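It should be emphasised that the depicted structure is a prediction, and the values quoted were computed from it without experimental measurement. Quick note: residue numbers are just sequence positions, from 1.
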Amino acid sequence: MSSSHRLSLPYLAEAQAQKHVTVNDALRRLDALVHLRVLSASTQAEPGNPTEGDAYILPNGATGTSWEIMSEGDIAAFQDGAWMVYAPAAGVTAYTEDQGIDQIYDGSVWQPKDQSPQMGVNTSPDATNKLSVKSDAILFSHDDVTPGNGDVRITVNKQSAAGTASFLFQTAFAGKAEFGLTGTDDFVIKVADDQGTFRDALVIDRQTGAVSFPNTP
């Protein structure tokens, strides 16, 4: 019996007897995969008393009479009194109830949808600028929904003192001014001339708090 390419929905054959069997099989598969919701992606032991419609993404080491013969990453759905197995296709998204997140299957593993390696808002990200935004304004406000504590803090973290953690200001993508920790852990404000050479305008020593103006006579 032939079936559809993406969801493997069984097709009716010409002059087929008991057509309802094929149709019900297709409906059962659609019921499991469309608007997919799973209870968990970390439960290893096959539940003893599942409810009709319960579904899980199987983790490594799943156990149980039905689950142990399935593969990691498969979708196990309890339908009509038995566990059915569905192999996900790349791009399938599932809401994972116990974590409260959406997960997406990338063709080999499930990963949280909100941890996509790149994101663009009104523009395209790239390998360097994994988060890219084009907007006339950007707002960061305190959390009055959760609610938070009323504070707002932006953290810019670097690996070592020799690295850079800064805000860079450009004109036509050419650097003109920068402030932050640039090559040391002292706080620096610097500007660039028309040739692109940066010079320190203000330096605050991290040890003493002393302020210096290296290029002011």
Side-chain angles (χ1 to χ4, degrees), residues 3-11 20-127 129-135 138-149 152-155:
S3 58
S4 66
H5 178 67
R6 276 201 324 116
L7 296 180
S8 297
L9 303 176
Y11 290 147
H20 67 282
V21 175
T22 301
V23 172
N24 287 344
D25 188 23
L27 292 175
R28 185 182 296 110
R29 179 173 287 269
L30 286 171
D31 188 63
L33 298 178
V34 175
H35 301 303
L36 178 59
R37 177 187 63 85
V38 299
L39 297 179
S40 176
S42 58
T43 299
Q44 289 185 304
E46 179 182 319
N49 296 294
T51 300
E52 284 288 330
D54 284 355
Y56 295 82
I57 293 173
L58 297 187
N60 182 42
T63 61
T65 304
S66 298
W67 283 18
E68 65 185 9
I69 62 175
M70 300 178 187
S71 300
E72 179 182 359
D74 280 350
I75 300 160
F78 193 73
Q79 297 175 297
D80 299 331
W83 287 104
M84 306 296 292
V85 59
Y86 301 104
V92 170
T93 301
Y95 176 71
T96 309
E97 193 168 285
D98 64 347
Q99 293 178 276
I101 62 172
D102 287 323
Q103 295 199 72
I104 187 167
Y105 188 70
D106 66 6
S108 58
V109 297
W110 290 90
Q111 61 178 346
K113 191 176 180 181
D114 59 353
Q115 292 187 7
S116 175
Q118 295 183 355
M119 179 179 178
V121 178
N122 204 33
T123 186
S124 297
D126 55 44
N129 302 292
K130 293 181 174 60
L131 171 61
S132 299
V133 179
K134 281 189 175 180
S135 175
I138 298 173
L139 170 66
F140 293 92
S141 179
H142 71 91
D143 179 6
D144 57 359
V145 178
T146 305
N149 60 12
V152 178
R153 173 176 289 171
I154 297 174
T155 300

Could you tell me the separation between the CG atom of Leu36 and the OH atom of Tyr95, rounded to the nearest 0.5 Å?
-> 12.5 Å
Taking all heavy atoms of Met70 and all of Ala76, pick out the closest pair and write down the distance.
-> SD-CB, 3.8 Å
Check Ala87 against Asp74 and note the closest heavy-atom contact, atom names and distance.
-> CA-OD1, 3.8 Å
Supply the atom-to-atom distance Leu131 CG to Asp126 CG, rounded to the nearest 0.5 angstrom.
-> 11.0 Å
Can you tell me how far CD of Gln44 sits from CG of Asn60, rounded to the nearest 0.5 angstrom?
-> 7.5 Å
Between the CG atom in Leu39 and the CZ atom in Phe78, the distance rounded to the nearest 0.5 Å is 12.5 Å
Quiz: residues 45-58 side-chain donor-acceptor pairs under 3.5 angstrom, not counting sequence neighbours:
unit_1	atom_1	unit_2	atom_2	d
Glu46	OE1	Thr65	N	3.4
Glu46	OE1	Ser66	N	2.9
Glu46	OE1	Trp67	N	2.9
Glu46	OE2	Trp83	NE1	3.4
Glu52	OE1	Asp80	N	2.7
Glu52	OE2	Asp80	N	3.1
Glu52	OE2	Gly81	N	2.6
Asp54	OD2	Thr51	N	2.9

Does the side chain of Asp102 come under 3.5 Å of the side chain of Thr93 through a donor N or O and an acceptor N or O?
-> no
Closest non-hydrogen atoms of Thr96 and Ala41, given as atom of the first, atom of the second and distance, are CG2-N, 3.9 Å
Looking only at heavy atoms, the pair that brings Val133 and Thr123 closest together is N-CG2, 3.9 Å
Just checking, is any N or O donor in the side chain of Ser108 or Asp106 under 3.5 Å from an acceptor N or O on the other one?
-> yes
Work out which heavy atom in Val152 is nearest to a heavy atom in Phe140; give both atom names and the distance.
-> CG1-CB, 4.3 Å
Any sub-3.5 Å donor-acceptor pair from Asn129's side-chain atoms to Ser132's backbone N or O?
-> no
In terms of heavy-atom contacts, Tyr105 and Ala89 come closest through CD2-O, 3.6 Å
